[in-house]
Chemist: 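This is the structure, below, for whatever I ask next.
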Amino acid sequence: MEPLIELRGVNKRYGELHVLRDIDLTVGQGEVVVVIGPSGSGKSTLCRTINRLETVESGTITLAGHPLPAEGKELARLRTEVGMVFQSFNLFAHKTVLANVMLAPVKVRGKKKNEAMTRARELLGRVGLAEHAAKYPAQLSGGQQQRVAIARALAMDPRALLFDEPTSALDPEMISEVLEVMQQLARDGMTMVVVTHEMGFARSAANRVVFMADGQIVEDRTPEGFFTAPESARAKDFLSKIL
Ligand code: ADP
Ligand code: MG
């Protein structure tokens, strides 16, 4: 499998706090990696680091063989190749669903409006929201808004998607509709890094589970191996609390 995202020896500190410690992580093309771990272990920082929304102190991040530079145009371009979906959907409240999905391809990529609109409608269909294109975010449920956020990320034709606790802000009855969309993306071969506490999703969709604690990757295993026989005391303790 060709590596799409590669982190080598990545370190990051916030002042005294060493939040990412010697992170080595390879995500292959089409792979789904679920990242789990206690609160504060560095999962969100890891996501933001992959996209260079955070600077790093040392180490390299490579995207499809291209080392990410610290700044500049090339970074901006490479960054658009990795889409992000956050816990809070961050949709533009004063724009329709359709306009939200069209925006970045038109503004950032210079795509023609009618092309962007055709693609946006197609993506809204893919996440089951074709009939809601003309609505505003506030008229949708949380689960629907998160599906719009996924369509919006897909509109940039990213090589990979990062999800940071995409269902944590949702009412329980809306979680499955978002996970189903993610499952389908995984089946379609999208490369995904997913921070989530949804162990059912990890078991069924992940190729690998990465367990983080105190800024380190403690285990990097198959879901089967991790859930049935966690090796580290930290992972055993974590699993005993959530399962
Ligand atoms: P997780 O997503 O696993 O809960 P985070 O990556 O959000 O963990 O945070 C890792 C650690 O870094 C935590 O101790 C958190 O308080 C700290 N942290 C995160 N962001 C910042 C920041 N911008 N400034 C200072 N400390 C931060
Ligand atoms: Mg987090």
Side-chain angles (χ1 to χ4, degrees), residues 4-7 10 12 14 17 19-21 23 25-27 31-56 61 63 68 78-92 100-101 104 127 137 142-156 158-172 174-186 190-218 220 223 238 242:
L4 184 60
I5 299 168
E6 269 196 297
L7 282 75
V10 169
K12 163 104 195 147
Y14 288 117
L17 194 65
V19 280
L20 295 180
R21 300 166 183 252
I23 299 288
L25 179 69
T26 303
V27 182
E31 216 177 4
V32 177
V33 174
V34 163
V35 180
I36 65 175
S39 176
S41 56
K43 305 179 299 295
S44 293
T45 307
L46 177 71
C47 279
R48 293 199 306 271
T49 299
I50 291 174
N51 218 356
R52 281 272 180 163
L53 294 173
E54 296 283 348
T55 58
V56 292
I61 304 161
L63 193 60
L68 287 192
L78 287 169
R79 200 178 260 159
T80 66
E81 306 224 355
V82 180
M84 279 203 75
V85 176
F86 301 93
Q87 181 176 330
S88 52
F89 332 118
N90 301 333
L91 298 175
F92 293 106
N100 265 279
V101 180
V127 299
Q144 290 171 327
Q145 289 187 55
Q146 190 60 300
R147 286 187 281 148
V148 175
I150 293 172
R152 182 179 58 174
L154 289 170
M156 291 295 276
R159 285 165 171 269
L161 284 180
L162 310 179
F163 294 84
D164 190 359
E165 301 202 24
T167 59
S168 297
L170 299 176
D171 292 333
M174 290 167 191
I175 291 175
S176 65
E177 68 190 50
V178 172
L179 293 178
E180 272 161 32
V181 167
M182 292 167 61
Q183 290 268 14
Q184 189 57 52
L185 286 174
M190 177 60 77
T191 306
M192 292 160 56
V193 176
V194 184
V195 178
T196 185
H197 300 301
E198 294 295 331
M199 297 302 136
F201 177 82
R203 277 176 185 275
S204 61
N207 300 103
R208 278 158 53 210
V209 170
V210 164
F211 176 72
M212 287 187 76
D214 297 329
Q216 282 178 308
I217 292 179
V218 179
D220 183 344
F238 179 76
I242 61 158

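None of the values given here were measured: they were computed from a predicted structure.
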Chemist: List for me each residue that meets ring pair (Phe, Tyr, Trp, His ring centres under 6.0 Å) alongside Phe89, sequence neighbours excluded, and say none if there are none.
Modeler: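 Phe89 satisfies ring pair (Phe, Tyr, Trp, His ring centres under 6.0 Å) with no other residue.
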
Chemist: Should Ile50 and Leu162 count as side-chain neighbours, where that means a heavy-atom distance under 4.5 Å?
Modeler: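 Yes, close enough: below the 4.5 Å cut-off.
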
Chemist: Once side-chain contact (heavy atoms from CB on, under 4.5 Å) is applied, do any residues pair with Thr26, and if so which ones, sequence neighbours excluded?
Modeler: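 side-chain contact (heavy atoms from CB on, under 4.5 Å) check on Thr26 returns Pro3, Glu6, Arg8.
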
Chemist: Which heavy atom of Phe92 sits nearest to which heavy atom of Pro137, and what is that distance?
Modeler: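 Closest heavy-atom pair between Phe92 and Pro137: O-CG, 3.5 Å.
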
Chemist: Could you work out, with side-chain contact (heavy atoms from CB on, under 4.5 Å) as the rule, every residue matching Asp220, not counting sequence neighbours?
Modeler: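 For Asp220, the residues satisfying side-chain contact (heavy atoms from CB on, under 4.5 Å) (neighbours in sequence not counted) are Leu25, Arg208, Val210, Ile217.
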
Chemist: Got a second to check how far Leu46's CG is from Leu7's CG, nearest 0.5 Å?
Modeler: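 Rounded to the nearest 0.5 Å, the CG-CG separation comes out at 6.5 Å.
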
Chemist: Name all pairs fulfilling the salt bridge (Lys or Arg N to Asp or Glu O under 4.0 Å) condition that reach into residues 35-52, sequence neighbours left out, sorted by first residue then second.
Modeler: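 The answer is Arg48-Glu54.
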
Chemist: Only counting residues at least two apart or in another chain, list the ones meeting side chain to side chain donor-acceptor pair (under 3.5 Å) with Asn51.
Modeler: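 Asn51: no side chain to side chain donor-acceptor pair (under 3.5 Å) contacts found.
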
Chemist: Output side-chain donor-acceptor pairs under 3.5 Å for residues 81-88, partner residues at least two apart or in another chain, one line each.
Modeler:
from  : atom 1 : to     : atom 2 : distance (Å)
Glu81 : OE1    : Arg159 : NE     : 2.5
Glu81 : OE2    : Arg77  : NH1    : 3.0
Ser88 : OG     : Asn90  : OD1    : 3.2

Chemist: List the residues meeting side chain to side chain donor-acceptor pair (under 3.5 Å) with Thr45, not counting sequence neighbours, and say none if there are none.
Modeler: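 For Thr45 there are no side chain to side chain donor-acceptor pair (under 3.5 Å) partners, ignoring immediate neighbours.
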
Chemist: Give the intermediate values and the outcome of side chain to side chain contact (heavy atoms under 4.5 Å, CB included) for residues Leu4 and Val27.
Modeler: CA-CA 6 Å; Leu4 184 60; Val27 182; 5.6 Å; no

Chemist: Considering residues at least two apart in sequence or located in another chain, which fulfil the side-chain contact (heavy atoms from CB on, under 4.5 Å) criterion with Ala151?
Modeler: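 By the side-chain contact (heavy atoms from CB on, under 4.5 Å) rule, Ala151 matches Val101, Leu123, Leu124, Val127.
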
Chemist: Measure the spacing between CE of Met192 and CG of Leu161 and express it to the nearest 0.5 Å.
Modeler: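 These two atoms lie 6.5 Å from each other.
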
Chemist: What heavy-atom pair brings Ser204 and Gln183 nearest, and what distance separates the two atoms?
Modeler: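 Result for this residue pair: OG-NE2, 2.7 Å.
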
Chemist: Who passes salt bridge (charged side-chain N to carboxylate O under 4.0 Å, His left out) against Glu198, sequence neighbours left out?
Modeler: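 Per chain and number, Glu198 pairs via salt bridge (charged side-chain N to carboxylate O under 4.0 Å, His left out) with no residue.
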
Chemist: Using 0.5 Å steps for rounding, measure from the CE atom of Met190 to the CG atom of Leu154.
Modeler: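 So the gap between those two atoms works out to 5.0 Å.
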
Chemist: Do Phe163 and Leu185 touch side chain to side chain, with heavy atoms closer than 4.5 Å?
Modeler: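 Sidechains of Leu185 and Phe163: in contact.
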
Chemist: How close do Gly215 and Ile23 get, counting heavy atoms only, and between which atoms?
Modeler: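 Here Gly215 and Ile23 meet closest at O-CD1, 3.4 Å.
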
Chemist: Who pairs with Gln184 by side chain to side chain donor-acceptor pair (under 3.5 Å), at least two apart in sequence or on another chain?
Modeler: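 Listed in chain order: Arg187, Asp188.
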
Chemist: Considering non-hydrogen atoms only, spot the tightest contact between Leu170 and Val178 and give its length.
Modeler: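 Closest pair (atom of Leu170, atom of Val178, distance): CD1-CG2, 3.6 Å.
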
Chemist: Going by salt bridge (Lys or Arg N to Asp or Glu O under 4.0 Å), name the pairs with one or both residues in residues 145-154, residues two or more places apart or in two chains.
Modeler: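 Salt bridge (Lys or Arg N to Asp or Glu O under 4.0 Å) check on residues 145-154 returns Arg147-Glu177.
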
Chemist: Measure the spacing between CG of Leu20 and CD of Gln216 and express it to the nearest 0.5 Å.
Modeler: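 If I round to the nearest 0.5 Å, the distance is 10.5 Å.
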
Chemist: Nearest 0.5 Å, what's the CD-CD1 distance between Glu165 and Ile36?
Modeler: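 Glu165 atom CD to Ile36 atom CD1 measures 11.5 Å (nearest 0.5 Å).
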
Chemist: Taking all atoms of both residues into account, what is the closest heavy-atom pair of Pro38 and Ser41, and its distance?
Modeler: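 Scanning both residues completely, I find the closest heavy atoms to be O-OG, 2.6 Å.
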
Chemist: Taking ring pair (Phe, Tyr, Trp, His ring centres under 6.0 Å) as the definition, give me every residue that meets it alongside Phe201, ordered by chain and number, with sequence neighbours left out.
Modeler: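 Counting only residues at least two positions away or on another chain, Phe201 forms no ring pair (Phe, Tyr, Trp, His ring centres under 6.0 Å).
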
Chemist: Give, for atom CG of Asp164 and atom SG of Cys47, the distance between the pair rounded to the nearest 0.5 Å.
Modeler: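 Asp164 atom CG to Cys47 atom SG measures 4.5 Å (nearest 0.5 Å).
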
Chemist: Within a strict 4.5 Å, meaning less than it, do heavy atoms of the Pro223 and Val34 side chains meet?
Modeler: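 Heavy-atom side-chain distance check fails, nothing below 4.5 Å.
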
